[in-house]
Undergrad: 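Quick one: the structure is below, questions incoming.
We count residues from 1, following the sequence as given. One-based numbering, in listed order, for ligands and for the atoms of each.
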Amino acid sequence: MEPPRVADVVIVGGGAMGASTAYHLALKGCKNVVLLERNSLFGQGATGKCAGGIRHQFSTEINIRLSILSLPMLDRFEDELGQAIDLRRCGYLFFLAREEDARAFRASLMLQHRLGVTTEWLTGNQVRSRLPFMRLDDVLGATWNSQDGLVDPNSLVQGYIAGARRLGAKCLTEIEVTGINLEGRRVRGVKTKVGEIIAPVIVNAAGPWAAKIGEMLDVEIPVVPVRRQIAVTAPISQLPSNFPFVVDFAKNLYFHREGPGILTGMSNLDEPPSFNQQVDPEWELIHFDAAMARIPFLENVGISSRWAGLYEVTPDAHPILGKAPEVEGFYCINGFSGHGLMHSPACGLLLAEEILHGKANTLDITSLRLSRFREGKLIPEYNVV
Ligand SMILES: Cc1cc2nc3c(=O)[nH]c(=O)nc-3n(C[C@H](O)[C@H](O)[C@H](O)COP(=O)(O)OP(=O)(O)OC[C@H]3O[C@@H](n4cnc5c(N)ncnc54)[C@H](O)[C@@H]3O)c2cc1C
């Protein structure tokens, strides 16, 4: 399909953020929304590489509030959009083997309780009896929330794209935004290889590539791409059906059930920023050693698939959400630092409110403004995996 020549809003990027923003803008009556994705399919960037986890368990009020807003939107998703998203409230268990983590997670638990989130504290013995097939001698305790879980990333994107289209939005693939036209310090539209689109509002939803969109209009977006990789095992007969999303926080190692096997990931904290999405075999060995040390039966299980993707990381592991102060008409929904899928319903809604009403009214997102970095008002998140 040829792109239109004029739009009210152009969204750059068709991952979870762009798709949710397009849907929520169209739902609120903004008819002339155009979403441009350079790949031949939507949702093949960070979103398509994601582990699918959804959780309330964060250490800052704004991240917890984004989850409180987002997770019920996932509950309603199929009814609202007619798309099943394989939502599984299997629970999330963060186990802790260092005193400092136990202290920090207890503090986060108090904050979650104050905000109405019923995360529980488990003792080391309770964790060991819940996960008898794991080696957990050093575990001091854990936080557990039965309302956390999993969702299918691709279904979420497809649901939002189909919903946006039904409401009149034009969501187009194989169109790369190559530049942004400005009039003074106000956006006028985007350049693509198949022509220009005039628009007063442009949304940067380019995920790990967000900083490159910022460079097109000389706005610094402090988002760096960082490789993260995942492996999925062959079927495991002894895996209990109620195996939750389990995180070994000290090791940045996680496991969850994926079909008849286990999906596991482990973040390499020394990974330098880059756009490299090749699986690192050396890191995979370190990852598997750590995984087998926790789940000994993995020694006898093969790998059925593996991949690497990119986190879009900000200096404080919080997103950048809302209008950019330097350029009128330029909006950001970037930098979700490894937990964006779960916040995409809420953030698409909040950005649509900000664009159409001048201010997000469902939740105060002032703390997520781009200018916080130069103001020195960072809001560090402890609970990053
Ligand atoms: C291994 C891994 C595990 C993860 N696990 C989880 C998890 O368990 N839970 C969770 O909530 N989050 C998780 N995340 C994070 C989550 O995937 C991201 O935060 C989220 O998907 C970001 O969505 P996005 O739409 O911003 O980015 P993307 O999905 O990357 O979408 C951006 C899109 O913009 C397009 N684009 C870029 N530049 C241009 C251009 N110039 N013109 C047109 N299109 C352009 C790209 O092609 C891409 O499709 C994980 C990420 C990874 C890599």
Undergrad: Taking the six-membered ring for Trp, is the centroid-to-centroid distance between Y382 and F249 below 6.0 Å?
TA: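 Yes, close enough.
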Undergrad: Could you check whether R65 pairs with D364 (Lys NZ or Arg NE/NH1/NH2 to Asp/Glu carboxylate O, under 4.0 Å)?
TA: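 No.
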Undergrad: Hey, does Y92 come in under 3.5 Å of ligand 1, counting only N/O atoms on both sides?
TA: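 Among all N and O atoms of Y92, none is under 3.5 Å from an N or O of ligand 1.
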Undergrad: Nearest protein heavy-atom contact for atom 6 (C) of ligand 1: which residue, which atom, what distance?
TA: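 Ranked first by proximity to atom 6 (C) of ligand 1 is C50 SG, 3.3 Å.
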Undergrad: At a 4.0 Å threshold, what atoms of ligand 1 neighbour a non-hydrogen atom of G52?
TA: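 Going through ligand 1 atom by atom, the ones under 4.0 Å from G52 are 7 (C), 8 (O).
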Undergrad: Decide whether I355 and I11 are clustered together by the hydrophobic rule: side chain heavy atoms of Ile, Leu, Val, Met, Phe, Trp, Tyr closer than 4.5 Å, transitively.
TA: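 I355 and I11: one cluster.
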Undergrad: Among V12, I333, V226, which one has a heavy atom closest to atom 40 (C) of ligand 1?
TA: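 Heavy atom nearest to atom 40 (C) of ligand 1 belongs to V12.
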Undergrad: Give a yes or no on whether a salt bridge exists between K323 and E354, defined as a side-chain N under 4.0 angstrom from a carboxylate O.
TA: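 Counted as a salt bridge, because a side-chain N and a carboxylate O are separated by less than 4.0 Å.
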Undergrad: Any N or O on G53 sitting closer than 3.5 Å to an N or O of ligand 1?
TA: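 There is such a contact, yes.
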Undergrad: Is the CD atom of Q238 crowded by more than 12 outside heavy atoms at less than 6.0 Å?
TA: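 For Q238, atom CD is crowded (more than 12 foreign heavy atoms under 6.0 Å).
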Undergrad: Heavy-atom distance under 4.5 Å between the side chains of V33 and H24, does that happen here?
TA: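 Side chain of V33 against side chain of H24, heavy atoms only: no contact under 4.5 Å found.
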Undergrad: Does the distance from a Lys or Arg side-chain N to an Asp or Glu carboxylate O, for R89 and D148, drop under 4.0 Å?
TA: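 D148 and R89: not salt-bridged.
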Undergrad: Give the numbers and elements of all ligand 1 atoms closer than 4.0 Å to a heavy atom of R228.
TA: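 Selected atoms, number and element: 1 (C).
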Undergrad: Within the 4.0 Å heavy-atom shell around F336, which atoms of ligand 1 are there?
TA: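 What qualifies from ligand 1 is 19 (O).
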Undergrad: Checking the N or O distance criterion of under 3.5 Å, is ligand 1 in contact with M342?
TA: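 The answer is yes, given that M342 and ligand 1 share an N or O pair closer than 3.5 Å.
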Undergrad: Non-hydrogen atoms of G265 versus ligand 1: any pair closer than 4.0 Å?
TA: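 No, G265 has no heavy atom closer than 4.0 Å to ligand 1.
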Undergrad: Can you confirm whether W144 sits close enough to F94 that some side-chain heavy atom of one is under 4.5 Å from a side-chain heavy atom of the other?
TA: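 The answer is no, as the side chains (C-beta and beyond) never meet within the 4.5 Å cut-off.
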Undergrad: Would you check whether F245 has a nitrogen or oxygen atom less than 3.5 angstrom from a nitrogen or oxygen atom of ligand 1?
TA: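 Checking ligand 1 against F245, no N or O pair falls under 3.5 Å apart.
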Undergrad: Heavy atom to atom 3 (C) of ligand 1, shortest distance: which of A210, A19, A51, G179 holds it?
TA: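 Closest candidate by heavy-atom distance is A51.
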Undergrad: Do Y331 and I202 come within less than 4.5 Å of each other through their side chains, counting heavy atoms only?
TA: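 Result no, sub-4.5 Å side-chain heavy-atom pair not found.
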Undergrad: With a 4.5 Å heavy-atom cut-off, do F58 and S67 have their side chains touching?
TA: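 Yes. Closest side-chain heavy atoms under 4.5 Å.
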Undergrad: Where is the nearest protein heavy atom to atom 49 (O) of ligand 1: which residue, which atom, and how far?
TA: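 That would be E37 OE1, 2.6 Å.
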Undergrad: Should D86 and R88 count as an ion pair when the cut-off is N to O under 4.0 Å?
TA: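 Between R88 and D86 there is a salt bridge, with a charged N closer than 4.0 Å to a carboxylate O.
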Undergrad: Please list the nearest protein heavy atom to atom 1 (C) of ligand 1 with its residue and the distance rounded to 0.1 Å.
TA: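 The closest heavy atom on the protein side is K49 O, 3.4 Å.
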Undergrad: Can you tell me which residue and heavy atom of the protein come closest to atom 27 (O) of ligand 1, and the distance to 0.1 Å?
TA: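 Answer for atom 27 (O) of ligand 1: G207 CA, 3.3 Å.
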Undergrad: Do the side chain of N204 and the main chain of A210 share a donor and acceptor less than 3.5 angstrom apart?
TA: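 Yes, because the side chain of N204 sits within donor-acceptor range (under 3.5 Å) of the backbone of A210.
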Undergrad: Of the protein's non-hydrogen atoms, which lies at the shortest distance from atom 26 (O) of ligand 1, and what is that distance?
TA: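 Nearest neighbour among protein heavy atoms for atom 26 (O) of ligand 1, to 0.1 Å: M17 CG, 3.2 Å.
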Undergrad: What do you reckon, does N334 put a non-hydrogen atom under 4.0 Å from ligand 1?
TA: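 The answer is no, since N334 has no heavy atom less than 4.0 Å from ligand 1.
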Undergrad: Enumerate the atoms of ligand 1 whose separation from the nearest heavy atom of G338 is less than 4.0 angstrom.
TA: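 It comes down to these atoms of ligand 1: 6 (C), 10 (C), 12 (N), 13 (C), 14 (N), 15 (C).
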Undergrad: Counting only heavy atoms closer than 4.0 Å, does ligand 1 sit against the backbone of A205, its side chain, both, or neither?
TA: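 A205 to ligand 1: backbone contact only, side chain stays beyond 4.0 Å.
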Undergrad: Give yes or no for whether the N/O distance cutoff of 3.5 Å, strictly under, is met between G309 and ligand 1.
TA: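 No.
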Undergrad: Below 4.0 Å, non-hydrogen atoms only: which portion of N39 touches ligand 1? Side chain, backbone, both or neither.
TA: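 Contact part for N39 vs ligand 1: side chain (C-beta onward).
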Undergrad: Give the atom numbers and elements of ligand 1 that come within less than 4.0 Å of a heavy atom of L36.
TA: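 What qualifies from ligand 1 is 43 (C), 44 (N).
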Undergrad: How are the rings of F245 and Y92 set to each other: parallel, tilted or perpendicular (split at 30° and 60°)?
TA: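 Ring orientation, 0 to 90° scale: parallel.
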Undergrad: Among all protein heavy atoms in this structure, tell me which lies nearest to atom 19 (O) of ligand 1, with the distance rounded to 0.1 Å.
TA: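 Nearest protein contact, heavy atoms only, for atom 19 (O) of ligand 1 is E312 OE2, 2.8 Å.
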Undergrad: Just heavy atoms, cut-off under 4.0 Å: does I230 contact ligand 1 by side chain, backbone, both, or neither?
TA: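 The answer is the side chain.
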Undergrad: Please determine whether any non-hydrogen atom of I213 lies less than 4.0 Å from an atom of ligand 1.
TA: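 Yes, I213 has a heavy atom closer than 4.0 Å to ligand 1.
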Undergrad: Within ligand 1, which atoms have a heavy atom of L310 less than 4.0 Å away?
TA: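 Within the 4.0 Å cut-off of L310, ligand 1 contributes 53 (C).
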Undergrad: Could you tell me whether some N/O pair between T47 and ligand 1 is separated by less than 3.5 angstrom?
TA: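 N/O-N/O distance under 3.5 Å: yes.
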Undergrad: Can you tell me which residue and heavy atom of the protein come closest to atom 42 (N) of ligand 1, and the distance to 0.1 Å?
TA: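 Protein heavy atom with the smallest distance to atom 42 (N) of ligand 1: V177 N, 3.0 Å.
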Undergrad: Hey, does I379 have a side-chain heavy atom less than 4.5 Å from the side chain of L368?
TA: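 SC-SC contact between L368 and I379 confirmed.
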Undergrad: Which ligand 1 atoms, with their elements, are less than 4.0 angstrom from a heavy-atom of P208?
TA: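 Listed by number with element, the hits are 30 (O).
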Undergrad: Are side-chain heavy atoms of L96 and V139 found at a separation under 4.5 Å?
TA: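 The answer is no; the side chains never approach within 4.5 Å.
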Undergrad: Could you tell me whether the side chain of V223 reaches within less than 4.5 Å of the side chain of V313, counting heavy atoms only?
TA: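 V313 vs V223: side chains apart.
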Undergrad: Which ligand 1 atoms does G45 reach within 4.0 Å, using its non-hydrogen atoms?
TA: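 In order of numbering, the contacting atoms are 29 (O), 30 (O), 49 (O).
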Undergrad: State whether Y311 and R228 meet the cation-pi test: NZ (Lys) or CZ (Arg) under 6.0 Å from the six-membered ring centroid, and within 45° of the perpendicular axis.
TA: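 Satisfied, under 6.0 Å and within 45°.
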Undergrad: May I ask you to identify the nearest protein heavy atom to atom 30 (O) of ligand 1, giving residue, atom name and distance to one decimal place in Å?
TA: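 For atom 30 (O) of ligand 1, the nearest protein heavy atom comes out as A46 N, 2.8 Å.
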